[in-house]
Amino acid sequence: MQEILTALTDPTRRAALALLWRGGEHCVCELMARLGTSQSRMSRHMKVLREAGLVLDRRDAQWVRYRRNPELAPELAAVIDAVLAAERKSERKVA
């Protein structure tokens, strides 16, 4: 649980997770373009999410594609859902 909570502390990782949580696969190039970060930084963020078991990866030529881990325990998925919902609600209040 600590590894998951630590993975969720960074805003860039939460933003990447939000994109992946909607479904589908995204390569690092797509994530870095959407989130305005460098390739090396995005790759490091994705490594943290992967090591926490939140996302899965697969190699696609020179890129690595990431997707939500479909085997994540339901109670952990509920934690992620709650964190992402709170993030969206917080963003709406600021805007």
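Heads up: numbering here begins at 1 and tracks the sequence. Small disclaimer: the values here were computed from a predicted structure and weren't measured.
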Working note: N69 + V55, criterion side chain to side chain contact (heavy atoms under 4.5 Å, CB included); need CA distance, chi angles, decisive distance, verdict.
CA-CA 5 Å; N69 182 353; V55 300; 5.7 Å; no
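The shortest side-chain heavy-atom distance between R68 and I80 does not fall under the 4.5 Å cut-off. For the pair V64 and S43, the minimum side-chain heavy-atom distance is 4.5 Å or more. Side-chain contact check for T37 versus L31: every heavy-atom pair is 4.5 Å or farther apart. Side-chain contact between W21 and R14 is absent, with no heavy-atom pair separated by less than 4.5 Å. For the pair L49/Y66, no side-chain contact is recorded, criterion being any heavy-atom separation below 4.5 Å from C-beta on. Residues M1 and L5 have side chains in contact (heavy-atom distance under 4.5 Å, counting atoms from C-beta outward). The closest side-chain heavy-atom distance from V48 to D10 is not below 4.5 Å.
The salt bridge (Lys or Arg N to Asp or Glu O under 4.0 Å) test applied to R88 returns no partner, not counting sequence neighbours. In this structure E25 satisfies the side-chain hydrogen bond (donor to acceptor under 3.5 Å, both in side chains) test together with R58, sequence neighbours excluded. Listed by chain and number, the residues in a salt bridge (Lys or Arg N to Asp or Glu O under 4.0 Å) with R50 are D57 (sequence neighbours excluded). Residues passing the salt bridge (Lys or Arg N to Asp or Glu O under 4.0 Å) test with R65 are E30, D60, sequence neighbours excluded. Every residue two or more places apart in sequence or in another chain was checked for a salt bridge (Lys or Arg N to Asp or Glu O under 4.0 Å) with E3, and none qualifies.
In the hydrophobic clustering of ILVMFWY residues, with side-chain heavy atoms under 4.5 Å counting as a link, L8 and L35 come out together. Cluster membership check: M32 shares its hydrophobic cluster with L19, using side-chain heavy-atom separations under 4.5 Å among Ile, Leu, Val, Met, Phe, Trp and Tyr.
Across every non-hydrogen atom of A7 and R13, the tightest pair is O-NE, 2.8 Å. For the pair R67 and G24, the tightest heavy-atom approach, listed with the atom from each and the gap, is CB-O, 3.6 Å. In this structure, L56 and P70 approach most closely via the heavy-atom pair CD1-CD, 3.6 Å.
Distance alone, capped at 3.5 Å, is enough to place a donor-acceptor pair between the T6 side chain and the Q2 backbone.
Evaluation of the disulfide bond (SG atoms under 2.5 Å apart) test over residues 10-87, restricted to residues two or more places apart or in two chains, returns C27-C29.
Taken from CG in L76 to CD1 in I4, the straight-line distance is 4.0 Å, to the nearest 0.5 Å. The NZ atom of K47 lies 13.0 Å from the NE2 atom of H45; values are rounded to the nearest 0.5 Å.
Counting heavy atoms of neighbouring residues, nucleotides and ligands inside a 6.0 Å radius, atom CD of E75 exceeds 12 of them.
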